[in-house]
Amino acid sequence: MWIYMALLSSLFAGLTSIFAKCGIKKTDSDVATAIRTIVVFIFAGIMVKEFTSIDSRSLLFLILSGMATGASWLCYFKALSMADVNKVVPIDKSSGVLTIILAILFFHETNHLFIKIIGIITISMGIFMMIEKKDVVSKSEKGWFIYAIGSALFAALCSILAKIGISNIDSNYATFIRTGVVLIMAWFIVFLKHKQQEVKHIDKKELFFICISGLSTGASWLCYYYAIQNGIVSVVVPIDKLSIVVSIVFSSLVFKEKLTPKSFIGLCLMVVGTILMALFA
């Protein structure tokens, strides 16, 4: 069951990138993140069956996970606003490699360790091939690469903290709590940078896509944290990162973004590495 939930998480996460990109063409990325978090928070709250007490340890790690998620989102959508989807997404998805390594170290997920190592190497090679050096140093897009790296690092930390935090509670309830933390953090950033007035001037079409991206994120999270709670982190994470395929296919159809032959080979390597680990879960 958790394998299918991980696959659904991947699908919704891939669509999130496309919807979000459509919603931040003119809208500030911090403002867009804050608005879409409201949607995710409401969506997550609806899915909670029962609000129960939670022990202090779980609450602490869920708050830390939420803070890491907020930081990852702010970096990710800033990078998306500055560069093409097929440039940002591969770097963001490199968080999967770090998460797998941390899962092996902290949760002792050493089953089929040799296959996992081969998978990590294959995925890493694919990511490296998808990163075009000329894009990283391009003056016209200076800064997006750093934001994308920040997104990946915080996302990896988020998954590990969340795994610890949801060990004793319902995954939907945990998602609701984490989203609440992200919501507070996102709006704090908006007010800190004095961007709250920009909310009034958001284009209605972009607002629609921001909200749809929030719904897609909510669905992805509910599936992902169910899979994290009931499955193997080092397998769930790479499956979730297959969302890169969805993102790149739709970026090609919607934004006419094209992959170079080298990037296409890199994408194939990432998929092969992920399938290897999923088959030998």
Side-chain angles (χ1 to χ4, degrees), residues 2-24 33 36 40 43 68-69 72-73 75-77 79-80 83-100 103 119-120 122-124 126-127 129-131 147-149 151-156 158-159 162 175 209-210 212-228 231-255 257 259 263-264 266-278 281:
W2 62 267
I3 288 284
Y4 297 113
M5 296 298 277
L7 288 169
L8 282 174
S9 168
S10 176
L11 173 63
F12 288 122
L15 291 173
T16 293
S17 298
I18 302 303
F19 293 142
K21 180 70 174 180
C22 292
I24 55 178
T33 299
R36 63 190 298 280
V40 180
F43 184 83
T69 299
S72 178
W73 273 15
C75 290
Y76 181 63
F77 292 107
L80 270 184
D84 291 344
V85 173
N86 60 19
K87 295 176 185 176
V88 176
V89 172
I91 299 174
D92 173 69
K93 300 310 177 188
S94 67
S95 63
V97 173
L98 180 57
T99 305
I100 294 165
I120 288 172
T122 306
I123 293 171
S124 299
I127 292 168
M129 292 186 71
M130 290 196 73
I131 299 174
Y147 283 111
I149 289 292
S151 171
L153 292 175
F154 285 119
C158 163
S159 297
T175 299
F209 280 111
I210 290 170
I212 291 297
S213 76
L215 288 173
S216 185
T217 297
S220 177
W221 273 13
L222 292 173
C223 294
Y224 179 71
Y225 289 105
Y226 175 91
I228 282 284
I232 303 169
V233 175
S234 57
V235 177
V236 173
V237 170
I239 292 176
D240 175 70
K241 300 309 177 186
L242 279 178
S243 60
I244 186 175
V245 177
V246 179
S247 295
I248 288 177
V249 168
F250 276 92
S251 70
S252 176
L253 295 174
V254 178
F255 305 122
E257 298 176 5
L259 288 178
S263 295
F264 179 74
L267 177 62
C268 291
L269 285 173
M270 292 181 68
V271 173
V272 169
T274 300
I275 291 174
L276 268 177
M277 286 190 281

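Proximity of V254 to K21: side-chain heavy atoms (C-beta onward) are nowhere separated by under 4.5 Å. S95 has its side chain out of reach of F154: every pair of non-hydrogen atoms, C-beta onward, lies at least 4.5 Å apart. When side chains are defined from C-beta on, Y224 counts as touching S159, because their heavy atoms get closer than 4.5 Å. Contact annotation: the side chain of L215 never approaches that of F19 to less than 4.5 Å [non-hydrogen atoms, C-beta and beyond].
A donor-acceptor pair under 3.5 Å is formed between the side chain of T274 and the backbone N or O of M270. Under a 3.5 Å cut-off, the side chain of T217 and the backbone N or O of S213 do form a donor-acceptor pair. Under the 3.5 Å distance criterion, the side-chain polar atoms of S124 are matched with a main-chain donor or acceptor of I120. Side-chain atoms of S72 do not come within 3.5 Å of backbone N or O of A68 as any donor-acceptor pair.
Judged as a side chain to side chain contact (heavy atoms under 4.5 Å, CB included), and not counting sequence neighbours, the contacts of S247 are S17, V85, V89. Under the side chain to side chain contact (heavy atoms under 4.5 Å, CB included) criterion, A79 pairs with V88, Y147, A148, not counting sequence neighbours.
Taking CD1 of I239 as the start and OH of Y4 as the end, the distance is 11.0 Å to the nearest 0.5 Å. Separation of atoms CG (L80) and CG (D92) is listed at 8.0 Å; rounding is to 0.5 Å. To the nearest 0.5 angstrom, F209 atom CZ is 8.0 Å from I212 atom CD1. Interatomic distance, CD1 of I232 versus CD1 of I3, reported as 7.5 Å (0.5 Å rounding). Between the CD1 atom in I248 and the CG atom in L267 there is a gap of 4.5 Å [rounded to 0.5 Å]. One finds the OG atom of S94 at 5.5 Å from the CD1 atom of I149 (value rounded to the nearest 0.5 Å).
Looking at every heavy atom in both residues, M129 comes nearest to L269 through SD-CD1, 3.7 Å. Closest heavy-atom contact between S251 and I18: N-CD1, 3.6 Å. The nearest pair of heavy atoms linking V236 to A6 is CG1-CB, 4.1 Å. Considering every non-hydrogen atom in both F77 and I24, the closest pair reads O-CD1, 3.5 Å. The two residues M5 and A227 have their closest heavy-atom pair at CB-CB, 4.3 Å. In terms of heavy atoms, G214 sits closest to V40 at O-CG2, 3.2 Å.
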Practice task
Go through the steps for F255 and C22 under the test side-chain contact (heavy atoms from CB on, under 4.5 Å), then give the verdict.
Solution key: CA-CA 9 Å; F255 305 122; C22 292; 3.7 Å; yes
Exercise for the section: Could you go through the side-chain contact (heavy atoms from CB on, under 4.5 Å) check for N86 and M130 one step at a time? Expected result: CA-CA 8 Å; N86 60 19; M130 290 196 73; 5.5 Å; no
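Under the 3.5 Å distance criterion, with hydrogens and angles disregarded, no donor-acceptor pair is assigned to the side chains of T33 and Y76.
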